[in-house]
Structure formats: C-alpha cells, structure tokens
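Read through the structure below, which is laid out as structure tokens, and then see the notes.
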Amino acid sequence: MSETTATGGRGRGARERILAAAARLFATRGINATGMEQVAEEAPVSKRTLYAHFRTKDDLVMAHLRGLASSGATLEGVLTRDDLPARERILGLFDLSAPPAGTPVRGCPFIDAAAEFPDPDSAVHSYAREQKLRMVELVTALVTELGCDHPAALAEQLVTLADGAAGRAMVLGDADYGRHARAAAETLLAHALPART
C-alpha cells in the first residue's frame with residue numbers, strides 16, 4: 001500500500017482533514033504547543049502532504065482563523081445573522097456555546113491567537129486585530145440601528161464586555177459565564193436607548 005493511500009495523502013479532502021485536525025489540537029492544546037507533526041498525525045496525512053497544503057505553520061494558523069471567521073462559529077458570528085433583530089444579535093455575543101465533552105472552554109479564538117503571537121506586526125496578530133475591529137464596527141452599526149445614544153462609545157463598551165466575558169469563561173472553564181456580562185449589556189442598552197414618549 002502506498003503512503004498516499006495509507007495516510008490519506010493529497011487525496012480528496014486532505015486539506016479539510018488538516019484544518020479539522022488543527023482546529024481540534026489548537027482548541028485543546030493551544031497553537032504554539034501544537035506541532036506540525038502532531039497535526040499530520042491527527043489528520044492523518046503525511047508530512048509531505050501537510051507541507052504541500054501549508055508551507056509553514058503560520059500559513060496553517062491563518063487558514064484556520066480565516067475558516068473560523070467565515071464559519072460564523074465565533075463571538076462575532078452572531079452579529080451578522082439576519083434572522084435575529086439587532087438587540088438579540090448584540091446580546092448573542094454573551095451566549096457562549098458549551099464545548100464538546102472533554103474540550104476546554106476556549107473563549108475567543110482571535111484573542112487567543114493574538115496572545116500566542118504577541119508581535120503586533122505578525123500576520124496572525126494583525127488578522128486577529130482586524131477581526132476585533134470588525135466586531136466593533138458591526139456592533140456600532142447595530143446600536144445605531146436601534147437608535148442608541150453615542151453608538152461608537154456604546155459599541156466599544158459592549159465589545160469590551162463580550163471579550164472580557166469570553167476571557168473569564170476560558171480562565172474559569174465556565175461556558176455560561178457570559179450571563180453576567182449579558183446582564184450588564186442589557187443595562188447599557190436600556191440606558192442608551194432614547195426616551196420614548
């Protein structure tokens with residue numbers, strides 16, 4: 001049996017298997033603690049196949065983060081849902097989904113990635129920053145739609161609450177921790193809405 005057949009090789013689905021394996025390992029071990037060899041074993045693909053798809057680990061991390069951003073499975077994902085009214089999208093920032101059994105609560109993957117790549121000029125850190133800036137833009141648009149006073153300042157307060165809650169949820173291992181920040185967000189929104197006559 002050839003190596004390609006035995007390990008899945010560059011056959012169909014190898015890239016998807018690599019990204020899925022990386023996502024699992026990054027979530028459970030962290031990015032820097034995960035080596036390319038571990039990703040290849042988890043996929044499973046040969047190292048040659050892995051490097052054919054992703055020349056460097058940074059390339060793999062960037063593909064992973066881009067996939068997360070486009071999947072809608074991050075904190076920011078709820079903000080673009082068109083099946084929810086603006087207020088519910090904002091409050092959805094505080095509803096962290098419980099991870100699969102045996103997987104730690106990870107909080108925000110973009111904050112995690114920025115922490116693991118502290119150089120602000122690195123591609124990973126820069127991409128994480130872009131996603132966090134996009135988050136505040138989306139929230140600003142939603143609070144503007146609601147007619148809230150001082151939408152830019154309010155959006156910054158809300159995303160700070162959301163990111164803080166995600167960080168504490170990760171540290172404490174409590175996916176439901178966002179409930180505390182959600183209560184604060186509801187108070188902020190109530191005070192920012194113009195008085196109705």
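Since the model is a prediction, treat every value here as computed from it, not as a measurement.
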Is there side-chain contact between [X] and [Y], with heavy atoms separated by less than 4.5 Å?
| X | Y | answer |
| --- | --- | --- |
| Thr56 | Met62 | no |
| Tyr177 | Val105 | no |
| Phe54 | Leu19 | yes |
| Cys108 | Thr74 | no |
| Met135 | Leu138 | no |
| Phe26 | Asp112 | no |
| Asp95 | Val78 | no |
| Arg87 | Glu186 | yes |

Can you tell whether the side chains of Arg24 and Glu42 come within less than 4.0 Å, N to carboxylate O?
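Yes.
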Checking the side chain of [X] only, and the main-chain atoms of [Y] only, is there a donor and an acceptor separated by less than 3.5 Å?
| X | Y | answer |
| --- | --- | --- |
| Ser122 | Pro118 | no |
| Glu116 | Asn32 | yes |
| Ser126 | Ala123 | no |
| Arg29 | Thr34 | no |
| Lys132 | Val159 | no |
| His64 | Leu60 | no |

Measure the spacing between [atom1] of [X] and [atom2] of [Y] and express it to the nearest 0.5 Å.
| X | Y | atom1 | atom2 | value |
| --- | --- | --- | --- | --- |
| Glu76 | Glu137 | CD | CD | 12.0 Å |
| Leu79 | Ile90 | CG | CD1 | 8.0 Å |
| Leu50 | Arg48 | CG | CZ | 13.0 Å |
| Phe117 | Asp58 | CZ | CG | 5.0 Å |

Consider only side-chain heavy atoms of I, L, V, M, F, W and Y, link residues closer than 4.5 Å, and tell whether Val136 and Ile111 are in one cluster.
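Unlinked, Val136 and Ile111 end up in two clusters.
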Checking side-chain contact (heavy atoms from CB on, under 4.5 Å) for the pair Lys47/Met36: CA distance, chi angles, key distance, verdict?
CA-CA 8 Å; Lys47 284 193 282 185; Met36 292 292 267; over 6 Å; no
Only counting residues at least two apart or in another chain, list the ones meeting salt bridge (charged side-chain N to carboxylate O under 4.0 Å, His left out) with Glu88.
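Testing Glu88 for salt bridge (charged side-chain N to carboxylate O under 4.0 Å, His left out), a comparison that skips the adjacent residues, returns Arg182.
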Is there a side-chain contact (heavy atoms from CB on, under 4.5 Å) between Val143 and Leu189? Walk through the geometry before answering.
CA-CA 8 Å; Val143 295; Leu189 287 169; 4.1 Å; yes
Is the number of heavy atoms from other residues, nucleotides or ligands under 6.0 Å of Arg106 CZ greater than 12?
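Above 12, so yes.
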